[in-house]
S.K.: 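Okay, handing you the structure first.
Model, not experiment: these values are computed from the prediction. We count ligands from 1, going down the list as the structure has it; atoms in each ligand are counted the same way.
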Amino acid sequence: MRRKPRIAVFASGSGSNFEAIAEAIQSGELGADIPVLITDKPLAPVITRAERLGIPAAAVNPKAFPDKAAFERTVLARLRDEEIDWIVLAGYMRLIGPTLLGAFPNRIVNIHPSLLPAFPGKDAVGQALAAGVETTGVTVHFVDEGMDTGPVILQREVPVVPGDREKTEAAIHAIEHELYKEALQKLLAEEQSRV
Ligand code: GAR
């Protein structure tokens with residue numbers, strides 16, 4: 001029997017997207033395994049979610065390394081140990097460098113809370129509210145060396161609730177949890193059809 005694709009989720013914060021992906025895997029909606037969660041923040045709440053879900057968490061603190069390349073080499077060693085096929089960024093607030101990009105060509109994906117190329121970078125929801133747009137959204141895309149750039153895989157619109165960050169963020173999160181699952185299903189199905 002063919003082995004399931006192995007995904008490493010990278011997260012820096014709360015981890016609601018990580019949990020949604022892990023639940024989709026555990027319920028059988030997504031045919032993959034998550035052998036490890038990677039976080040760059042040793043105290044991130046996502047670690048507690050990983051413990052609850054029974055997924056090993058590796059906290060690798062970039063501050064412990066002289067530069068990004070050394071940090072990424074340590075992360076890469078863990079990914080090799082786990083025979084990882086795909087890197088899935090879920091609220092991972094750090095640019096991916098040449099070490100990981102070179103090791104996983106077209107196999108790193110990200111989710112961002114806007115209709116890219118609009119509102120890249122930090123606080124995309126705050127940027128959308130400040131710009132006064134009626135509609136924002138969610139993008140899943142392949143990762144390149146830029147900040148929230150790279151070819152789009154799926155996008156979905158989300159209405160802005162004017163002046164209400166909390167409601168807008170809640171709506172975005174709900175869509176994110178669905179869209180990431182759909183994007184990963186699409187990528188894994190495309191890959192399966194190629195082999
Ligand atoms: C998500 O909204 C994700 O799109 C965003 O961080 C949040 C993480 O939420 N990512 C970016 O802004 C990337 N530039 P979570 O920790 O609850 O999954």
S.K.: Distance to 0.1 Å, residue and atom name: give those for the protein heavy atom nearest to atom 7 (C) of ligand 1.
M.R.: G91 CA, 4.2 Å
S.K.: In the protein, which heavy atom is nearest to atom 16 (O) of ligand 1, and how far is it?
M.R.: G15 N, 2.7 Å
S.K.: With sequence neighbours excluded, what pairs up with T149 under the side chain to side chain contact (heavy atoms under 4.5 Å, CB included) test?
M.R.: D144
S.K.: Quick one: nearest non-hydrogen protein atom to atom 17 (O) of ligand 1, plus distance?
M.R.: S16 OG, 2.6 Å
S.K.: In terms of residue, atom name and distance, what is the protein heavy atom nearest to atom 11 (C) of ligand 1?
M.R.: M93 CE, 3.6 Å
S.K.: Got more than 12 heavy atoms from elsewhere within 6.0 Å of CD, E166?
M.R.: no
S.K.: For A124, state whether at least one heavy atom is located under 4.0 Å from any atom of ligand 1.
M.R.: no
S.K.: Check if P113 has a non-hydrogen atom at a distance under 4.0 Å from any atom of ligand 1.
M.R.: yes
S.K.: Heavy-atom contacts with S14 under 4.0 Å: which atoms of ligand 1 show up? List them by number with element.
M.R.: 16 (O), 17 (O)
S.K.: Is any NZ, NE, NH1 or NH2 atom of the basic residue among R49 and E23 found under 4.0 Å from an Asp or Glu carboxylate oxygen of the other?
M.R.: no
S.K.: Please determine which of F10, F18, Y180 meets the side-chain contact (heavy atoms from CB on, under 4.5 Å) test together with V88.
M.R.: Y180
S.K.: Less than 4.0 Å is my threshold; does some heavy atom of H173 fall inside it relative to ligand 1?
M.R.: yes
S.K.: Show which side-chain atoms of residues 51-62 pair as donor or acceptor with protein atoms under 3.5 Å away, not counting sequence neighbours.
M.R.:
from: R52; atom 1: NH2; to: E19; atom 2: OE1; distance (Å): 2.9
from: R52; atom 1: NH2; to: E19; atom 2: OE2; distance (Å): 3.0
from: N61; atom 1: OD1; to: K63; atom 2: N; distance (Å): 3.0

S.K.: Tell me which protein heavy atom sits closest to atom 14 (N) of ligand 1, plus the residue, atom name and distance to 0.1 Å.
M.R.: H112 ND1, 3.0 Å
S.K.: Going by an N to O cut-off under 4.0 Å, is there a salt bridge joining E182 and K186?
M.R.: no
S.K.: Would you say CG of D164 has more than 12 non-hydrogen atoms from neighbouring residues, nucleotides or ligands within 6.0 angstrom?
M.R.: yes
S.K.: To the nearest 0.1 Å, how far is atom 10 (N) of ligand 1 from its closest protein heavy atom, and which atom is that?
M.R.: I111 O, 3.6 Å
S.K.: Are Y92 and I7 in one and the same hydrophobic cluster, where Ile, Leu, Val, Met, Phe, Trp and Tyr link if side-chain heavy atoms are under 4.5 Å apart?
M.R.: no
S.K.: In terms of residue, atom name and distance, what is the protein heavy atom nearest to atom 4 (O) of ligand 1?
M.R.: E176 OE2, 2.4 Å
S.K.: Between D148 and ligand 1, does any nitrogen or oxygen pair lie at a separation below 3.5 Å?
M.R.: yes
